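A short write-up of the structure that comes next.
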Amino acid sequence: MTKVPVQFTLNGREQNEFVDSGSTLLAALRDKLGLYGTKAGCHQGTCGACTVIIDGSPQLSCLTLAERCAGKSVTTLEGLTGNGALHPLQQAFMEGFAAQCGFCTPGMILAAKSLLDRNPSPSRDDVIDAISGNICRCTGYDPIINAILTAAEQLRGARKSA
Amino acid sequence: MNKPEGALIGQRIRRKEDLRFITGEGRYVDDIRLPYMAHATVLRSPHAHARIKSVRTKRAARMPGVLAIYTSADMQEAGVGNLPVGWIVPHTNGGPMARPPHPVLASGRVRHVGDPIAFIVAETRADALAAMNRIDVDYEMLKPTVDLETSIETGASQIWDEAPNNLCYDWDVGDKAAVDKAFAAAHHVTTVKLINNRVHASPMETRGVIGHYDPSSDRYTLYTSNQNPHVIRVLLAISTLKISEEKIRVVAPDVGGGFGMKIYHYAEEVLAVFAAHKLRRPVKWVAERSEAFVCDTHARDHVTTVSLALDAEGVVKGLKVDTIANMGAYLSTFAPAIPSFFYAYPMPGPYKVRAVHVRTRAAFTNTMPVDAYRGAGRPECTYVLERAMDAAAREMGIDRIEMRRRNLIPAEAFPYKTPLLWTYDVGEFHKLLDKAYEVGGFATLAERKKKARARGRYLGLGFAFYMEACGMGPSKLLGREGCLGGQYEVGQVRVNPTGTVTVLTGSHTHGQGHETVYAQIVADTLGVDFSQVEIVHGDTDRVAYGIGTYGSRSLAVGGSAMKMSLDKVIEKGSKIAAHLLEADARDIEFKRGRFTVAGTDRTKSFKEVVAAAYNPVDYPLDKLEPGLEETTWFDPPDFTFPYGCHLCEIEVDPETGRIEVKALAAVDDFGNQVNPMIVEGQIHGGLAQGTGQALLEHCVFDRETGQLLSGSFMDYAMPRADDLPAMRIESVVTPCRNNPLGVKGCGEAGAIAGPAALVSAVLDALAPLGVAAIDMPVTPEKVWRAIQSAQSIPLPLAGRG
C-alpha cells in the first residue's frame, strides 16, 4: 500500500506521519498514534463514536481519509486535557452522570465542544441538534444534554470573569 | 435492620469509573494491543438456508499476509466441541426439547445469514478481508423458513432433523382446567393477538475478542467483550476448546454496553483462542457494525394470543396465553429459558387472577439465534398483560386505572404466592398506582387532550404496570427448572495490610457503575475512605470465581455476597479488637471505623486492628489465623420482585402519523437504593430502549430469502437525542426481604414496562379515531395506515371496544 506523508496539527502539536493511502483518520489515530480515546462504533458514519474536531467542525474520523487532514488542525478527546486540568465539558459529564458504559462519551464530548466553540449560548434544541448524530445506548440522552448545557454555562461564566 | 444507613449509602455519589471514560482512557477490547498481534475476519453465509457443497480456501491461503484459514474440518479434526446450551426446558409436551448442534463453524449446511463458515487470520485486517473474498463456497440453495407463525406448520421447510416441524419445544404451565372453567363462566372475554417485534441489543461497542497463548506457561488468555468471564472460562474448558480450566484466563475489560447480548459463549471466542494457540500469536477479531447484526443474538420475536376471562366488574378470573417464540436457527446459551421460565412464570405479574395457563412453542427459523436482551421474557410478559388489560378496560367501558385497581394484588396479601411459581415478599401496588396516577396527570388528561385537538393533534397518555423477578436464585430451584449452572455470586473482601480494601467480585460492570456502588457499601460498612476501596472484576486470574452480571442480579446477589464478607471482616476484627482491648468479643461494637468496648472509651481503630492481623505479635494465634480476608458465596433464597408503573405521554399528527413523545415517567419500587443517581440512569437507559422497541427498532427480514434488511444503523432505527424527552423518575421503597441489602435490582425495568406504556399511549391517542390495535414498532406509516383503515370501516366495527 502506498504511504502518503501527512503534516497536520494534532491536539495543538505539529504531527508528521506516513499513512496508508486510503486509510482513515480513525485508523491513523488508533493504530499509528495510540490515541484510543477515539472509538470505532460502526465504521459507517452512522453512530458518531469516532467524532473528532477538524478545523473547528465535528467530523466522523471513520469516514475521513487521513491524507485529507494535511494542513488541518485535529482535536481528539486527549487534546482536551492537554494542560492537565479537565475541560468543563468533561467535568460536567462526570458531575452530571452523562456516561454509563463510556463508549460513546468521547464522541459526545467532542460534538459538544465543537458546538460550544461555535455557539457559547446554545438552547436545548441546539444541543440536541448537535448530538443527534451521536448514538448513546445507555443514558437516554437527557443527562448528556444537561451536562452540555451546564458546561456551556460554566464556560460563559469563566469567559465573563476572564 | 434491613435498611442500609451511612454517609455514602443512599447518596448520589459521583462515579469512580467516569474519570477514565471522560478522558478517553477507557480500555475496551479493541483498545488492547498485544505484541505481534494478528487480525481475523469471519467468512459468513450470505444465504439463510443452503447446503455447503464445498469450501475452497487454497487460493485465499496464498494471498499476502495470510497466516491461516480455518473451516469446520479443522474444528472437527481438533475435536473442538459445539457451542453449549445452558438451559434445558423440562416437562415439555410430545417429547423432550430439541437440542440440535451449534458448531463453531458451520458444517454441511448454513442456517442463517451470517452463519460462520471460515475464520481467516492475517497480518492485518485488510489482508484478512482480501483473502476472505477469495474463498470459494459452493452452495446448494434450500428454501428458508423465515416467518415465525407459519414455521411450525406442516409444509414449512425443515431446518433440523432433530426438530420435526421446526419445533424446539412445546411447553405449558398452569391449570388448564381452572382456566377453561373461568372462561366458561366469564361475563366478558377479551382476546388480543400481539406481535412482539424482534430487536437487536446494539451496544455501542460491538463484540470483540483477542485470543492469546503463552507457550512458556502453557496458558491461554481470552479478552472478550462479555458480561460473565468466569462462565465463558468454564464453557471453553468443558464445551468448546476442552482446555484444562486452570490454564485459561478470561478477561472482560471495559465493556461498552451488553444488555444481555454479551452473556453468551460465541464462536469467535473459541476461534480466536484456537488460532492463537496454533499460530503462537495473539489473534484479534472485532465485529463490524453490520456484522454485529448478523452474528449477535437477537431478541423478543413472539407471536401471542392472549385471552382474559372477566367478571362484570372487570376483575380478571382467567388468563390464557398462547405464544410462538422464535429461537432462530441455533440455540444460544440461554435461549430456551427466555420464552418459558422468564416469560411464563412471571404471569400474571402484579394481578391477583388465580386461573392461569401459558403455552409456549419455541420454533426454529432460518434467522440469527434469539436470546435474552434487557428484561428477557419479562418485557414480553408485561406487554401481553398490559395490552390485554387495556383492551379489556376499553371493551368493558372501565377506566384503565380503575381496571388495574380492581385487579392488583392488595398490600395485605403479602407475602403472596403466585399461581405459577413465586412468592412475592413485599409490595404496595395500590400505593404505587396512586402515585403513578398523580405523576401521569390523569386528573387533567381530558383537558390536555382537548388542547392538543385544538392544535390538530391527538394526545395519548399510556402506562404499564409491571412486576419483575430479578436476582435469580436459588440454584436448586433453577436447576429443577432446567438451568445448568449455579446462580450464586462470589464476593471476596481483601483488607490490605495498610487498611485499604480490595473487593473481588464475580459481578461485571459494563456501564452499571459497580465500582462506585460497591465502594459506597464498603466505605460505609468498614468506615474506610471511599477513595481507598478498589472493586476488581472481569478477570478470572484476579477474581477466583463468579457468575457475572445479567437479570438485574449484580447488587442483589453480588453486592449481598460482598456485604456478607464485610460483615465477616467486622466479626473477625471484633475478635482481634477484643484481644487487644482485653475484652469479650461480644462486648465489642463496631461503628464508623472503630472497635469499641461497649459503654467505655476503650477503642481501637480499624487500621490498628488490620495492622495486628497482618503483624500478629500481639494476637490470639491460638484462636485466630492472621490476615483479614473473607469470601462469601451467596446463593439467594429467592428472586427479588421489583415492580412499578411507567408512563408516557405522546402526541400524534393524524396527517403524517408522526408520534412525538412528550413525556416519560417512571414510578418504581426497587427496594433500597444505594445510589439513586445510578438507579435513575438505569431507568433512563431502559426506557430509552423500551421506547426504541416501541417506536423505532425492528430486525426486518425478507420473507422469501431470509435476508436481514435492517443490517446497519441506517436501516435499524436507534433512538437518538431528538427521539426522547426528559424523564421523571419517582420511587416507592419497600426493602426486599430476600437479601441483606434490601435491594431488588433496577437494570431492566424501563425496557420491561416501556414498550407497553408507549403502545398504550398510542392507542389512547388514536381511540377517538377508532384504532383499537397496532403492532410495534409503531412507525408513522403504521399509525397513518391504522387511522386510514379505521376511518374507512363502518363505524360500529371501528368503534368496537
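Being a predicted model, the structure only gives us computed values, none of them experimental. As a basis for the values below, the full set of heavy atoms in this structure was taken, side chains included, without hydrogen atoms, waters or symmetry mates.
In terms of heavy-atom pairs under 4.5 angstrom with chain A, the leader among B:Gly256, B:Gly24, B:Ala721 is B:Ala721. Counting heavy-atom pairs under 4.5 Å between each of A:Glu78, A:His43, A:Glu95 and chain B puts A:Glu95 at the top. In terms of non-hydrogen atom pairs under 4.5 Å with chain B, the most contact-rich of A:Thr81, A:Ile145, A:Ile135 is A:Ile135. Of the listed residues B:Ala726, B:Ala688, B:Gly257, the one with more heavy-atom pairs under 4.5 angstrom with chain A than any other is B:Ala726. Chain A forms the most heavy-atom pairs under 4.5 Å with one residue out of B:Arg27, B:Glu680, B:Glu25, B:Glu17, and that residue is B:Arg27. Ranked by heavy-atom pairs under 4.5 Å with chain A, the list B:Met718, B:Arg12, B:Gln682, B:His510 is led by B:Met718. Ranked by heavy-atom pairs under 4.5 Å with chain A, the list B:Thr509, B:Asp254, B:Asp30 is led by B:Asp30. Between chain A and the options B:Gly513, B:Gly750, B:Pro203, B:Pro719, heavy-atom pairs under 4.5 Å are most frequent for B:Pro719.
Rounding to the nearest 0.5 Å gives a distance of 6.0 Å between NE2 of B:His684 and CE of B:Met727. Here A:Lys39 contributes atom NZ and A:Cys62 contributes atom SG; the two are 14.5 Å apart, rounded to the nearest 0.5 Å. Between the OG atom in B:Ser552 and the CD atom in B:Glu748 there is a gap of 3.5 Å [rounded to 0.5 Å].
For B:Ile683, no part lies near chain A; criterion is any non-hydrogen pair under 4.5 Å. B:Ile678 touches chain A through backbone and side chain together, each having a heavy atom under 4.5 Å away. Within the 4.5 angstrom heavy-atom criterion, only side-chain atoms of A:Thr105, from C-beta onward, approach chain B. For A:Ala49, no part lies under 4.5 angstrom from a heavy atom of chain B. For A:Tyr141, the part lying near chain B is the side chain, with the backbone staying farther off; criterion is any non-hydrogen pair under 4.5 Å. Only the backbone of B:Val255 comes within less than 4.5 Å of a heavy atom of chain A; no side-chain atom from C-beta onward does. With a 4.5 angstrom heavy-atom cutoff, A:Leu80 does not touch chain B via any of its atoms. With a 4.5 Å cut-off on non-hydrogen atoms, A:Leu86 touches chain B through its side chain but not through its backbone. Only the backbone of B:Ala201 comes within less than 4.5 Å of a heavy atom of chain A; no side-chain atom from C-beta onward does. Looking at A:Asp31, both its backbone and its side chain come within 4.5 Å of chain B, counting heavy atoms on both sides. B:Thr206 touches chain A through its side chain: at least one heavy atom from C-beta onward sits under 4.5 Å away, while N, CA, C and O do not. Only the side chain of B:Leu724 comes within contact range of chain A, with at least one heavy atom under 4.5 Å from a heavy atom of that chain.
Applying side chain to side chain donor-acceptor pair (under 3.5 Å) to A:Thr76 and the options A:Thr38, A:Thr51, A:Asn11 leaves one that passes, A:Asn11.
The aromatic rings of A:Phe103 and B:Tyr28 stand perpendicular to each other, their planes meeting at an angle above 60°, with 30° marking the opposite boundary. Using a 30° and 60° split on the angle between ring planes, B:His298 and B:His200 fall in the perpendicular class, above 60°.
Ion pair B:Arg14/B:Asp18 not flagged as a salt bridge, since none of the NZ, NE, NH1 or NH2 atoms sits closer than 4.0 Å to an Asp/Glu carboxylate oxygen. Using a cut-off of 4.0 Å between Lys/Arg side-chain N and Asp/Glu carboxylate O, B:Lys262 and B:Asp296 are scored as not salt-bridged. Contact check on B:Arg289 versus B:Glu291 returns no salt bridge, with no Lys/Arg side-chain nitrogen under 4.0 Å from an Asp/Glu carboxylate oxygen.
Other residues, nucleotides and ligands contribute only 12 or fewer heavy atoms inside 6.0 Å of the CD atom of A:Glu153.
Contact detail for B:Asp31 and B:Gly26: the closest heavy-atom pair is OD2-O, 3.3 Å.
No donor-acceptor pair under 3.5 Å is formed between the side chain of A:Asp20 and the backbone N or O of A:Lys3.
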